Amino acid sequence: MSRSAHPAGPRHADVLPEGRSAASTAPADDLNALDPKVWAHTVARDADGVVTVGGLPVTELAEEYGTPAYVLDEADFRDRARAWRTAFGADADVFYAGKAFLSRAVVRWLDEEGLNLDVCSGGELATALAAGMSAERIAFHGNNKSPEEIERAVRAGVGRIVLDSFQEIVRVAHIAQTLGKRQRVQIRITVGVEAHTHEFIATAHEDQKFGIPLAGGQAAEAVRRALQLDGLEVIGIHSHIGSQIFDMSGFEVAAHRVVGLLKDIRDEHGVELPEIDLGGGLGIAYTSDDDPREPHEIAKALTEIVTRECEAARLATPRISVEPGRAIVGPTAFTLYEVGTVKPLDGLRTYVSVDGGMSDNIRTALYDAEYSVALVSRASDAEPMLVRVVGKHCESGDIVVKDAFLPGDLAPGDLIAVPATGAYCRSMASNYNHALRPPVVSVRDGEARVIVRRETEEDLLRLDVG
Ligand code: LLP
């Protein structure tokens, strides 16, 4: 597998965030090797050099389902979901963050593996309910839930609504009361932690749209108001510090501050809130340079932090919940593309154009995200060449993989795959240039099935009512 090159970028020039080993600008020794860190568990190269997943050659998948396609390893998804569930045990809850990728099949897998679900829109809620997830196991998030969404969630009986503003406290209380219900809620606070991640995916510093700041007593005031409202049952405090985080110290500070608030609440109101949610955000390996932690290490670290902080504050340890999205689904899928054109630019690099692009993976353009890539329809011993994998959209920023090495004999018609695209790729896909969003094909034990079908031109035209 090729190793992404990481030219010194301005953000990471002097400090290497934890979880990231020294960047490599050289090709991996063997471009045919597939680093298990970035590929789904069942991915392997067969004797003919063709990459297989769930026992199926990618060449067959491409023929049957076309390209581009997201190929998802169901066994791997279940393994990772189970690993999180097991790591946290019966005294904690794992809510899969549906925004990373949600479909009815995924909801059923989560249900079977004993995970709960975090949704953040009416559409995600509808998908979860349509797949038969029990509403009690659903948490409803969002910084601007509409009154209709709130009403639907309350009527459905969701296990918790995570309140994000003073106005929402009143809104949810009013709706619940009108429906004759008492809604279980958590209050999302911002603890003032700067997560070492891209600005747009860091969420616990104060100058941003999510949550109620702890600073200046605002979070305490939110709790004060919520506790007075009959329509609400306040069950806990929520904090989500950001995404693609490797460094546990941010969680440590967050837990310390959340527990501090629980203590203040106990002192002021005489109530010990029974739950604390530390959100999601755990990083995954997009390239061989990333070193993510295992769920059991994360569970141990978070549980220890919360227990220690609660002991110090003489509080009973609350029930912990977490909301991993990317860490479960991210590594389980890759995007399969067909190479269309190969354009060497003398002294620079070779541009490899594929049949998708920023419409199926916006993360590179949006966050400067790094990905790996490999030739998967055959093995090759050709010399490595430095490539940029680009899409077919009318935009020069339409980059899928910024810097990587692929075999020098790469040619039109070859299949290449970009691993670790399970999270925030299909879910953030667009129809830019009227691209048809790719299908999600899940594979397991030698069988493939489409869990989200490819869009068609009829789909596009159906929305265009003339
Ligand atoms: N909980 C809350 C309240 C969240 O806002 C999020 C992500 C998660 C859990 C799950 O975070 P995860 O474990 O998946 O990192 N589009 C960006 C990521 C945005 C994340 C938004 N919230 C990306 O592609 O990196």
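Read the numbers this way: they start at 1 and go in the same order the structure lists the ligands and their atoms. Small disclaimer: the values here were computed from a predicted structure and weren't measured.
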Should the proximity of Pro324 to ligand 1, defined as any heavy atom under 4.0 Å, be assigned to the side chain, the backbone, both, or neither?
backbone
Relative to ligand 1, is Glu323 under 4.0 angstrom through side chain, backbone, both or neither, heavy atoms considered?
both
Nearest 0.5 Å, please: how far is CH2 in Trp84 from CD1 in Ile328?
7.0 Å
Is the shortest distance from a Lys or Arg side-chain nitrogen in Arg308 or Glu252 to a carboxylate oxygen in the other one below 4.0 Å?
yes
Contact between ligand 1 and Ala423 is defined here as a heavy atom of the residue under 4.0 Å from a ligand atom; is it met?
no
Taking side chain to side chain donor-acceptor pair (under 3.5 Å) as the criterion, tell me which of Arg80, Arg108, Arg82 meets it with Glu113.
Arg82
Is the shortest heavy-atom distance from the side chain of Asp355 to the side chain of Tyr337 under 4.5 Å?
yes
Before you tell me yes or no, could you show the steps for Asp290 and Thr287 under side chain to side chain contact (heavy atoms under 4.5 Å, CB included), namely the whole-Å CA-CA distance, both residues' side-chain angles and the distance that decides it to 0.1 Å?
CA-CA 6 Å; Asp290 295 321; Thr287 75; 4.0 Å; yes
Just let me know how Tyr367 lines up against ligand 1, side chain, backbone, both or neither, with a heavy-atom cut-off below 4.0 Å.
side chain
Region of Arg363 that comes within reach of ligand 1 [heavy atoms, distance under 4.0 Å]
side chain
Given His240, Gln244, His238, which one has a non-hydrogen atom that is nearest to atom 6 (C) of ligand 1?
His240
Please list, in number order, the atoms of ligand 1 under 4.0 Å from a heavy atom of Ser243.
11 (O), 12 (P), 15 (O), 20 (C)
Give a yes or no answer on whether the side chain of Ser359 reaches the backbone of Tyr432 with a donor-acceptor pair at less than 3.5 Å.
no
Using a strict cut-off of 4.0 Å, indicate which atoms of ligand 1 neighbour a heavy atom of Arg188.
3 (C)
Residue-level breakdown please: for Val162 versus ligand 1, do any non-hydrogen atoms fall below 4.0 Å on the side chain, on the backbone, on both, or on neither?
neither
If you measure from the Lys or Arg side-chain nitrogens to the Asp or Glu carboxylate oxygens, is any gap between Arg225 and Glu221 under 4.0 Å?
yes
In ligand 1, the atoms that come under 4.0 Å of a heavy atom of His141 are 3 (C)
Counting from 1, what ligand 1 atoms have a heavy atom of Asp118 closer than 4.0 Å?
1 (N), 9 (C)
Ligand 1 atoms in contact with Met428 (distance to a heavy atom under 4.0 Å)
16 (N), 24 (O)
With heavy atoms of Arg326 as the reference, note each atom of ligand 1 found under 4.0 Å away.
12 (P), 13 (O), 14 (O), 15 (O), 18 (C), 23 (C), 25 (O)
Distance under 4.0 Å to a non-hydrogen atom of Gly325: what atoms of ligand 1 satisfy this?
12 (P), 13 (O), 14 (O)
Indicate yes or no: does an N/O atom of Ala97 lie under 3.5 Å from an N/O atom of ligand 1?
no
Apply ring pair (Phe, Tyr, Trp, His ring centres under 6.0 Å) to His238 and His141, showing your working.
CA-CA 10 Å; His238 185 287; His141 269 279; 4.7 Å; yes
Which of these, Val400, Asp360, Leu436, Val418, sits in a side chain to side chain contact (heavy atoms under 4.5 Å, CB included) with Pro68?
Asp360
His269 atom NE2, over 12 foreign heavy atoms within 6.0 Å:
yes
